[in-house]
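Because the structure is a prediction, the values reported are computed rather than measured. As a basis for the values below, the full set of heavy atoms in this structure was taken, side chains included, without hydrogen atoms, waters or symmetry mates.
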Amino acid sequence: MLDPYFFGYGSLVNAATHTYRSTHPAQLNGWRRVWRHTSLRDQAFLSVTPAEGAQIDGLIAEVPNSDWQVLDLRETGYFRSNLDATQLKHGAGAVDVQMYQTQPELQATPDVRHPILLSYLDVVVQGFLEVFGEDGAERFFETTDGWDTPVLNDRSNPRYPRSQILTTSQTALVDAKLAHIGAQIVTPR
């Protein structure tokens with residue numbers, strides 16, 4: 001029996017944030033990304049919502065020996081569900097793929113008290129740049145809802161535990177995209 005895979009659509013696209021090495025770029029049909037807040041965290045984080053006709057890029061990665069324990073712990077606040085193989089395009093062949101999403105009974109719209117961490121967004125965009133190039137980073141912004149959520153500029157003291165150092169061009173791209181969409185940037189207190 002083949003090991004299962006996960007579909008990552010946010011920070012899991014950035015392979016520097018995990019140890020799963022058998023990865024493949026993927027596209028998921030019928031879903032959009034959305035910024036969410038739950039009672040389990042102080043900041044906004046990405047989830048997905050069904051959306052007819054939509055498609056998001058992501059990364060699938062093999063979970064050796066079906067050992068979900070470490071990943072489930074990392075993804076606290078999410079539940080894991082099987083994906084319909086007909087919705088997913090990737091190069092791994094016939095494998096079972098699961099995806100994490102926020103628990104509906106715990107989710108709310110992010111607000112100024114629950115902002116998007118810029119250190120988290122940097123990691124996500126860096127992953128999309130590395131896997132899909134600039135076009136993929138552009139698609140990430142276009143296929144994600146909730147950009148009216150404030151963005152906390154924590155770059156100098158990252159609050160995201162898996163933060164990464166971006167190149168000058170990666171940082172410039174994130175900043176330009178946030179300016180283009182009119183994101184509200186707030187400073188830590």
Side-chain angles (χ1 to χ4, degrees), residues 1-41 43-110 116 120-121 123-149 162:
M1 185 171 181
L2 296 174
D3 287 328
Y5 281 66
F6 66 79
F7 175 77
Y9 50 84
S11 64
L12 287 169
V13 173
N14 191 329
T17 70
H18 57 78
T19 60
Y20 302 95
R21 295 297 161 234
S22 181
T23 64
H24 302 272
Q27 289 77 41
L28 178 63
N29 292 308
W31 295 83
R32 282 184 65 84
R33 269 178 296 276
V34 62
W35 289 105
R36 291 282 189 225
H37 157 65
T38 76
S39 58
L40 301 175
R41 296 189 184 178
Q43 68 277 342
F45 52 106
L46 287 168
S47 190
V48 287
T49 188
E52 189 174 326
Q55 181 184 66
I56 59 174
D57 294 328
L59 188 78
I60 66 165
E62 184 178 14
V63 181
N65 303 313
S66 300
D67 184 2
W68 291 98
Q69 186 175 1
V70 170
L71 200 54
D72 285 348
L73 182 62
R74 171 188 167 139
E75 301 301 313
T76 297
Y78 291 92
F79 72 93
R80 185 168 32 93
S81 60
N82 290 316
L83 281 173
D84 181 344
T86 64
Q87 293 181 298
L88 198 59
K89 293 183 222 165
H90 58 78
V95 294
D96 290 329
V97 181
Q98 297 186 33
M99 176 176 68
Y100 290 92
Q101 55 191 305
T102 53
Q103 298 179 27
E105 67 275 8
L106 299 177
Q107 69 188 22
T109 302
I116 298 166
Y120 175 66
L121 179 59
V123 164
V124 173
V125 175
Q126 183 183 55
F128 277 87
L129 284 167
E130 290 176 1
V131 176
F132 298 101
E134 284 192 34
D135 288 344
E138 177 75 26
R139 286 191 304 273
F140 164 77
F141 280 93
E142 291 172 356
T143 60
T144 303
D145 295 328
W147 291 113
D148 54 341
T149 304
R162 289 172 287 283

Do Trp31 and Thr143 pass the side chain to side chain contact (heavy atoms under 4.5 Å, CB included) test, and can you show the C-alpha distance, the side-chain angles, and the key distance before you say yes or no? CA-CA 9 Å; Trp31 295 83; Thr143 60; over 6 Å; no
Can you name the nearest heavy-atom pair linking [X] to [Y], along with the distance?
{"X": "Ala92", "Y": "His90", "answer": "N-ND1, 3.0 Å"}
{"X": "Thr144", "Y": "Leu46", "answer": "CG2-CD2, 3.8 Å"}
{"X": "Ser11", "Y": "Val123", "answer": "CB-CG1, 4.1 Å"}
{"X": "Leu59", "Y": "Pro25", "answer": "CD1-N, 3.9 Å"}
{"X": "Leu88", "Y": "Ala26", "answer": "CD1-CB, 4.3 Å"}
{"X": "Ala61", "Y": "Thr23", "answer": "CB-CG2, 3.7 Å"}

Hey, does the side chain of Arg162 reach the backbone of Ala16 with a donor-acceptor pair shorter than 3.5 angstrom?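 Flag not set: sc Arg162 to bb Ala16 has no pair under 3.5 Å.
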Is it true that a side-chain atom of Asn65 and a backbone atom of Asp67 form a donor plus acceptor pair closer than 3.5 Å?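 Checked: no pair found.
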With side chains defined as the heavy atoms from C-beta onward, is the minimum distance between [X] and [Y] less than 4.5 Å?
{"X": "Phe45", "Y": "Glu75", "answer": "no"}
{"X": "Arg33", "Y": "Asp145", "answer": "no"}
{"X": "Val63", "Y": "Asp3", "answer": "no"}
{"X": "Phe132", "Y": "Arg139", "answer": "yes"}
{"X": "Trp35", "Y": "Asp148", "answer": "no"}

Any residue meeting ring pair (Phe, Tyr, Trp, His ring centres under 6.0 Å) with [X], in chain and number order, not counting sequence neighbours:
{"X": "Tyr100", "result": "none"}
{"X": "Tyr5", "result": "none"}
{"X": "His18", "result": "Phe6, Tyr20"}

[X] side, atom [atom1]; [Y] side, atom [atom2] - distance, nearest 0.5 Å:
{"X": "Glu62", "Y": "Leu2", "atom1": "CD", "atom2": "CG", "result": "8.0 Å"}
{"X": "Ile60", "Y": "His24", "atom1": "CD1", "atom2": "NE2", "result": "5.5 Å"}
{"X": "Arg36", "Y": "Thr149", "atom1": "CZ", "atom2": "OG1", "result": "9.5 Å"}
{"X": "Phe128", "Y": "Glu138", "atom1": "CZ", "atom2": "CD", "result": "12.5 Å"}
{"X": "Leu83", "Y": "Gln98", "atom1": "CG", "atom2": "CD", "result": "8.5 Å"}
{"X": "Met99", "Y": "Phe79", "atom1": "CE", "atom2": "CZ", "result": "8.0 Å"}

With a sphere of 6.0 Å drawn around CD of Glu142, does it hold more than 12 non-hydrogen atoms of other residues, nucleotides or ligands?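 Yes, the 6.0 Å shell around CD holds more than 12 heavy atoms from other groups.
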Does either side chain, that of Gln55 or that of Asn29, offer a donor lying less than 3.5 Å from an acceptor on the other one?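 Result is yes, a qualifying pair exists.
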Side chain to side chain contact (heavy atoms under 4.5 Å, CB included) partner of Arg74, chosen from Thr76, Asp72, Leu71: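 Passing option: Leu71.
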